[in-house]
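A, B, ... follow the sequence lines: proteins, then strands. Residue 1 opens every chain.
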Amino acid sequence: MVGYQGRPGAGDTQQRRRAASTDSPAELGARARQQAAVAHLGEHALSGAGLTALLDEGAAAAARELAADYSKILELLPDGERLLMRAGVGWKDGYVGSAFIEAGTGSQAGYTLLSDEPVVLEDAAAEDRFAMPALHHEHHITSGVSVIISGREHSFGILGVYTSSQRSFSEDDIHFLQSLANVLATAIERKRAEEERELLLAEVRQLAETSQSRAAELQGILNNMLDGVFVSDLKGRITLVNNAGIGMMGLRGEQPVGLGIADLQSVLGMSHLDGRAFGQDERPLTRALAGETVILEDAIIFSPESRRRSFIRTNAVPIRHDDGKIMGAVAVTRDVSALIELEQLKDQFISVAAHELKTPVAVMKGFAQALLRTDDNMPPVRRKMLDAINRGSDRIDRVVQDLLDISRFHAGRLDLVMEKIYLPDLVEQVADRESLSATKHQIRLTDASPVVVLGDRDRLEQVVVNLIDNAMKYSPGGWDVEVGVRLAGKDAVVQVSDRGVGIPREKQGHIFERFYRAHTGTAFDYGGMGVGLYISKEIVGRHGGRIWFESREGEGSVFSFSLPLVRGEGADEQL
Amino acid sequence: MPTSNSKTILVVDDDQDLLDLLAFVLSSEGYDVMTASDGREALDVVEDKMPNLILLDMKMPVMDGWKFAAAFHARYDEITPIVVVTAAENAEKRAGEIGASGWISKPFDVGSLVRVVRQQLTAV
């Protein structure tokens, strides 16, 4: 509420009040009508009348009750430099709703806003506080009074009444005008609040629509994917399964309800490739919930309905809040049956082909050896030829054996026959056997720690043979190959060293890869399939050990592999 | 041919070259060698003359090694040792399946073959 301090030169308050108590009945009646007009406007505002209607009513009531020729309500525009006439009485056509008044000292309205109190215009001609806008000139306005319609953050504008002839306005007049203005101010504030609320609601509705259509989009994507998607919440309850996933579960149409991760596993009939069930902590979703990123976890699923086994490959990751806390997990699962079946077919093919080679190789090798054995008088040249055939067939046999091993490794079908093995003996036996056919090399046993390991004898021999063969193959100069067995903490380590051509640094990273041959195309290309070390790595890995090497080009290599000692047998307790 | 070792060995294999090889090697060692290309032929040969040792391939057409072994044991009470000659990795297992007393993997070292044969013939 704006307090009025009166115009410059007004009398004191007491006098004014005394004047009021001696008003005539006509004046009393006028004031009663004024109060009624304010009350009326207030009621209309409360009953939800539109703002325009209220402003019109306010302007009309002001002009009527104050018997003024003109009244106007001006709204201060956001730029703070102009006001727009929103309502008015008495003006010529075309002004209400479109006339602009300058703010600041360019008009009474502007000046009123600046003064922050009601302003009375006694005589336009004598007024020097502010200018008269064109509007006033056109209507020959002489006197008037204007009050501020206040607002929460800034004034809404001005309510003013004007007359063409000179006239004074009393304190009561100003008081009445201000009351009208206050009612309008309240109504305007409420309207503004309502509008804001409407805007917010519209925004919320818009957001809801956007997120709904986004959700529909995502749903569309999920349900048209070929891969199955399974989402779990933090407690391990499955909250979403896409169509492909539902298909994998052998269900139709609806989202499964109330399933946990364990239930999911059993509906899918999911097991490891070797038929073992997944342990509680092994399931991809469970691991993802614990924070792990699971990649390419292979499994078999079985659909009792179609009686089909399928191979699936799963990736699973945790779903996190913005702050990084885990709120769930998602698993994406692909049917790789075709891939795996193809691989199996290929492995079968390799296996069958390899088998077929064995008999002809036996024939070649057998006859070469037989001839060598039975003819003591064979000329040396012929002897050498037969030796070559013998060696050649051995090489073929190695390749055949490699092929068979590879095809079996791949299928995960390698069965290890485990027994306690006294390692130094095994290594020595292999070294001796290799020495028999080693023409250029001496194989020396350097260390023979008495260690016992658990392993498959044939397979471990295979690894040692592979390392010794490589050592000999790649030291053409015929230096010694040294083999040793030692104790290293909880492991036994077998080491094979040579002083041969070594492995170039840039090739070292690939040495254990299948089919990788480090010396292809170089002077030291001795053929072979490049699978020996790959197989050795697999064998050592299956035994729970590691295989590694050090090598320098031109100086030689040291290949080592470790095997865990048989539990409870330390060096002192060994044999 | 009269030799110091008049032991007879029956070699059964569907590969003719391998048969020739084994025949060559074993006769050079002084044994009498009989051959057959499949289980059926082998049964006929055995009917004619019981050998001291049988070297048996497993995978053969017409009648394979398993069927031969079964028929042989059913028909005869003889304890003629059978040595399985096979390209399969699980040679030992195959030998066990038919109650063979030994096995040889293909391809084999001729010296080892001769050793095994000698052992089997002296063991009886």
Output, in order, the C-alpha distance, side-chain angles, deciding distance and verdict of side chain to side chain contact (heavy atoms under 4.5 Å, CB included) for A:Phe561 and A:Val464. CA-CA 9 Å; A:Phe561 67 92; A:Val464 179; 4.0 Å; yes

Taking B:Asp17, B:Val110, B:Leu21 one by one, which has the highest count of heavy-atom pairs under 4.5 Å against chain A?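 The answer is B:Leu21.
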
Between the side chains of [X] and [Y], is a donor N or O closer than 3.5 angstrom to an acceptor N or O?
X: B:Glu47; Y: B:Tyr76; answer: yes
X: A:Gln462; Y: A:Asp458; answer: no
X: B:Thr8; Y: B:Lys49; answer: yes

Residues of residues 372-380 of chain A within contact distance of chain B, non-hydrogen under 4.5 Å: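 Within residues 372-380 of chain A, near chain B: A:Arg373, A:Thr374.
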
Mind checking the CZ-CD spacing from A:Phe311 to A:Glu343? Nearest 0.5 Å is all I need.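 Reported value, rounded in 0.5 Å steps: 10.0 Å.
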
Could you state the interatomic distance from CG (B:Asp14) to OG (B:Ser37), rounded to the nearest 0.5 Å?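 OG of B:Ser37 is found 7.5 Å from CG of B:Asp14.
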
Measure B:Val114 against the heavy atoms of chain A and call it side chain, backbone, both or neither at under 4.5 Å.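 Interface part for B:Val114: side chain.
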
Please classify the contact between B:Asp57 and chain A as side chain, backbone, both or neither, with a heavy-atom cut-off of under 4.5 Å.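 Contact with chain A involves no heavy atom of B:Asp57 at all.
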
Most chain B-contacting option - heavy-atom pairs closer than 4.5 Å, from A:Val361, A:Thr359, A:Asp397: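 Of A:Val361, A:Thr359, A:Asp397, A:Thr359 has the most heavy-atom pairs under 4.5 Å with chain B.
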
Can you tell me which residue pairs pass the side-chain hydrogen bond (donor to acceptor under 3.5 Å, both in side chains) test with a partner in residues 64-75 of chain B, sequence neighbours excluded?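 Every side-chain hydrogen bond (donor to acceptor under 3.5 Å, both in side chains) pair that includes a residue of residues 64-75 of chain B, provided the two are not neighbours, is B:Trp66-B:Glu97.
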
Would you check if A:Val483 and A:Ile468 make a side-chain contact, meaning some heavy-atom pair closer than 4.5 Å?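 Sidechains of A:Ile468 and A:Val483: in contact.
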
